[in-house]
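Read through the structure below, which is laid out as structure tokens, and then see the notes.
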Amino acid sequence: MNLLDVLGWTGTIIVVGSYVAMRAGKIKQEGTFYELCNVLGPLMIAVDAWFHQLYSVVALQAVWATATALTWRQNSLDATAKQEHRHDL
């Protein structure tokens, strides 16, 4: 097993582990940790897949990480707007 394989397996463990922890109620789905895991894990898997020329896996992981990052950003903006609205009242 080389370093890229370790990277890919680590990413897989991060994604699956965070999902299991979220479903078990150990972490919040809306929490920063879960979102971070769902950005970093797929990117790690994608790097390994790229070097193994598994481009469909790269595409899937890129979409997953991008969708998570965009949702995370939107949720952060919504939370900021709610806080600003509370101060205006």
Side-chain angles (χ1 to χ4, degrees):
M1 185 177 292
N2 61 36
L3 185 58
L4 288 171
D5 292 334
V6 171
L7 186 69
W9 278 108
T10 301
T12 300
I13 291 166
I14 288 170
V15 170
V16 174
S18 66
Y19 177 77
V20 170
M22 183 271 300
R23 295 295 295 171
K26 302 295 183 188
I27 60 175
K28 293 181 182 179
Q29 184 175 1
E30 304 83 18
T32 301
F33 181 74
Y34 185 72
E35 300 290 356
L36 188 61
C37 288
N38 277 282
V39 171
L40 292 180
L43 291 176
M44 295 167 76
I45 295 166
V47 170
D48 179 41
W50 179 269
F51 285 97
H52 288 289
Q53 298 179 340
L54 301 171
Y55 302 119
S56 60
V57 175
V58 173
L60 172 64
Q61 300 308 320
V63 168
W64 184 318
T66 301
T68 300
L70 292 174
T71 302
W72 188 9
R73 182 177 183 274
Q74 187 60 50
N75 290 343
S76 295
L77 291 173
D78 291 347
T80 301
K82 284 180 184 178
Q83 287 178 349
E84 289 174 0
H85 180 70
R86 285 186 205 143
H87 292 300
D88 292 341
L89 297 176

Out of Ile13, Val15, Thr12, Leu7, which one pairs with Met44 under the side chain to side chain contact (heavy atoms under 4.5 Å, CB included) rule? Leu7
Taking ILVMFWY side chains as joined if any heavy atoms are under 4.5 angstrom apart, and letting links pass through other members, which residues group with [X]?
X: Trp72; value: Leu36, Val39, Leu40, Leu43
X: Val20; value: Val16
X: Val6; value: Met1, Trp9

My understanding is that only residues two or more places apart in sequence, or in another chain, count here; which of them pass side chain to side chain contact (heavy atoms under 4.5 Å, CB included) with Lys26? Ala21, Ala24
Who are the side chain to side chain contact (heavy atoms under 4.5 Å, CB included) partners of Gln29, not counting sequence neighbours? Met22, Tyr34
Please output the side-chain donor-acceptor pairs of residues 50-71 that fall under 3.5 Å, not counting sequence neighbours, one pair per line with the distance.
residue	atom	partner	partner atom	Å
His52	NE2	Asp5	OD1	2.9
His52	NE2	Asp48	OD1	3.1
Trp64	NE1	Asn38	OD1	3.0
Thr66	OG1	Ala62	O	2.7
Thr68	OG1	Trp64	O	2.9
Thr71	OG1	Ala67	O	2.9

Which heavy-atom pair separates Glu30 from Glu35 by the least distance, and what is that distance? CA-OE2, 4.4 Å
